[in-house]
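The structure appears right after this line, and notes come after that.
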There are 2 protein chains.
Amino acid sequence: MSLRMALLGLLTVSGPSSGYDLTKLFERSINHAWQARHSQIYPELAKMADGGLVVIEEEGPRGRKTYAITEEGSRLLREWLLAGESSRSIRDELALRAFLLPTLEPEDAVAVLREAVLSCDAKLDGMEAIRRAQDGKGFGRYALELGMRQTRMFRDWAEETAEEIERSIRS
Amino acid sequence: MSLRMALLGLLTVSGPSSGYDLTKLFERSINHAWQARHSQIYPELAKMADGGLVVIEEEGPRGRKTYAITEEGSRLLREWLLAGESSRSIRDELALRAFLLPTLEPEDAVAVLREAVLSCDAKLDGMEAIRRAQDGKGFGRYALELGMRQTRMFRDWAEETAEEIERSIRS
DNA sequence: TGTTGACGTGTCGACTTTTACATGTCAATC
DNA sequence: GATTGACATGTAAAAGTCGACACGTCAACA
């Protein structure tokens, strides 16, 4: 259901788009909360078209198909968002790694944490670039802000924890 | 692979455990980063036993089986943790909802955000209770701290964003 | 004695997601 | 004229995940 809703959301905001566009949009906007490959997106769009949630608006030149959200699609998205559920199911591989860190020798744990900090910095640079490109306007603004905060928080946690472990090694 | 590593980690820290124990441990410790039901855990343990990563240490009274990590399992976990990868693949349903919020009428968006704040508060209470029960000692300490920070951050973001939207409604 | 609820293990079908394979257009560059 | 790389769409097999079903033990309490 989540993938479907994500696609409906992207179509709402970005207007009619191709599967290819949506794949790119996924990577650029929603990536820190959800991922999907084109091999998942194309069949899902086809199913949604079957169900009347989207329509093929145009079959362009190079076999390109443009999908647009329908009334029914909008209604479904709205209902889903308003139906709380708030289950907060998270899968975060980096956090999992962090959790498993105490099984390592302290020195190794510190090394992994230091590397995580660098990786977060790189990611933050990327997000910053996207933010500048969007220039404050645009849909993904709130979400990007959230993603950056989360990444920054993880980064800081990793750095602090590395220092804490280093202190405990020395003593 | 992640599930497998999570189980190896739990076995490392908590010592020999049954599938049932591991299911509970999952919920109590690692839940904000990864989830698994017993229906996934039992078959995975069986496969891991086949592969020599764990051994059945004891078949207790009520059909209870106790698994222990092997040398090979420890080695695999260590290798996985040290092999950076740092792919940071995240699936966060609440964040996805947050991302889709701007497709709603501002009033609806605010309502959803307010509800998210309450849900985070409840979750934080639960985590706080776990933390008190562990009382600073214990393995999951770092991870719990990270989970709480992440939840608190999301909570604050939701609150701030709700206020920002409300301001823009009024003006 | 019967029932309830925590303990405890497992399977199965449906759905989701990944990885790899497969195909083709078009513009630019060599 | 050939190659390269972005554009563009798809399928299939395998792996991962979830929800429901199914079975059985044991202790406590009514």
Side-chain angles (χ1 to χ4, degrees), chain A residues 1-8 10-11 14 16-28 30-31 33-51 54-67 80 85 87-93 96, chain B residues 1-8 10-11 14 16-28 30-31 33-51 53-68 80 85 87-93 96:
Chain A
M1 206 80 300
S2 296
L3 171 62
R4 185 165 286 204
M5 296 308 149
L7 291 173
L8 288 174
L10 288 174
L11 285 173
S14 304
S17 315
S18 67
Y20 188 85
D21 294 337
L22 288 165
T23 305
K24 294 291 166 193
L25 279 170
F26 236 102
E27 274 165 29
R28 272 163 219 184
I30 218 169
N31 191 250
W34 210 265
Q35 294 93 232
R37 315 281 155 134
H38 77 273
S39 61
Q40 208 184 346
I41 290 173
Y42 286 118
E44 185 64 26
L45 283 171
K47 267 188 269 174
M48 288 160 76
D50 275 355
V54 297
V55 283
I56 298 175
E57 204 185 45
E58 199 192 331
E59 300 212 22
R62 322 168 200 175
R64 180 192 168 91
K65 284 178 196 153
T66 308
Y67 290 90
W80 187 75
E85 294 254 13
S87 52
R88 186 79 184 181
S89 93
I90 304 186
R91 282 206 154 69
D92 182 338
E93 203 177 298
L96 173 63
Chain B
M1 208 78 300
S2 295
L3 171 62
R4 185 163 286 204
M5 297 307 150
L7 291 172
L8 289 175
L10 288 175
L11 285 173
S14 304
S17 315
S18 68
Y20 188 84
D21 295 337
L22 289 166
T23 306
K24 295 292 164 192
L25 279 170
F26 236 102
E27 273 164 28
R28 272 165 220 181
I30 217 168
N31 192 251
W34 209 265
Q35 294 94 231
R37 312 285 154 129
H38 77 274
S39 61
Q40 209 186 342
I41 290 173
Y42 286 119
E44 186 64 27
L45 283 170
K47 266 187 271 175
M48 288 161 76
D50 275 356
L53 304 176
V54 296
V55 282
I56 298 175
E57 202 184 46
E58 199 192 331
E59 299 213 23
R62 323 167 199 173
R64 180 192 168 91
K65 285 178 196 155
T66 307
Y67 291 90
W80 186 74
E85 295 255 10
S87 51
R88 186 77 182 181
S89 94
I90 303 187
R91 284 208 153 69
D92 182 339
E93 203 177 299
L96 173 63

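Reminder, nothing fancy here: chain letters follow the sequence lines and each chain counts from 1. Computed from heavy atoms alone, side chains included, the values below leave out hydrogens, waters and symmetry copies.
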Margin query: Is the shortest side-chain heavy-atom distance between B/Leu22 and B/Leu7 below 4.5 Å?
Written below: yes
Ranking D/dT17, C/dG10, D/dT9 by distance to the side chain of B/Trp34, first place goes to D/dT17
Whole-Å distance, A/Lys24 NZ to D/dA6 C1', equals 9 Å
Whole-Å distance, B/Ile41 CD1 to D/dT17 C1', equals 12 Å
Rounded to whole Å, CZ of B/Arg64 lies from C1' of C/dG10 at a distance of 16 Å
Of B/Ser39 and A/Ser2, the one whose nearest nucleotide on DNA chain C sits closer to the 5' end is B/Ser39
From CZ of A/Arg4 across to C1' of C/dT17 the rounded distance in Å is 15 Å
Do B/Glu27 and B/Gln35 have side chains that get closer than 4.5 Å, going by heavy atoms? no
* Give a yes/no answer on whether the side chain of A/Tyr42 brings an N or O atom under 4.0 Å of OP1 or OP2 in D/dT9. => yes
Winner on side-chain proximity to A/His38, out of C/dC7, D/dT17, D/dG10, is D/dG10
Atom CD of B/Glu27 and atom C1' of D/dC18 are separated, to the nearest Å, by 14 Å
Next item on the list: Check whether any side-chain N or O of B/Gln40 sits under 4.0 Å from OP1 or OP2 of D/dC18, and answer yes or no.
Entry: yes
Atom CD of B/Glu93 and atom C1' of D/dT17 are separated, to the nearest Å, by 14 Å
Does OP1 or OP2 of C/dT19 have a side-chain N or O of A/Arg37 closer than 4.0 Å? yes
Rounded to whole Å, the CG-P distance (A/Leu7 to D/dT9) equals 13 Å
Do the side chains of B/Leu25 and B/Ile30 get nearer than 4.5 Å, heavy atoms only?
no
Taking D/dA8, C/dT16, D/dT17 as options, the one with an atom nearest any side-chain atom of A/Tyr20 is D/dA8
_Regarding B/Lys65 and B/Asp21, does a basic nitrogen lie under 4.0 Å from an acidic carboxylate oxygen?_
no
Taken in chain and number order and not counting sequence neighbours, the residues that satisfy side-chain contact (heavy atoms from CB on, under 4.5 Å) with A/Pro43 are none
Give A/Arg91 one of three labels, base, sugar-phosphate or nothing, depending on what nucleic acid heavy atoms sit under 4.0 Å from its own. sugar-phosphate
Comparing A/Leu3 with B/Tyr67, nearest DNA chain C nucleotide closer to 5' gives the residue B/Tyr67
B/Met48 atom CE is separated from C/dT9 atom C1', nearest whole Å, by 17 Å
Among D/dT11, C/dG10, D/dG10, the one nearest any side-chain atom of B/Lys65 is C/dG10
Exercise. Determine the contact category for A/Thr23: base if any of its heavy atoms lies under 4.0 Å from a base atom, sugar-phosphate if only primed atoms, P, OP1 or OP2 are that close, otherwise nothing.
Key: nothing
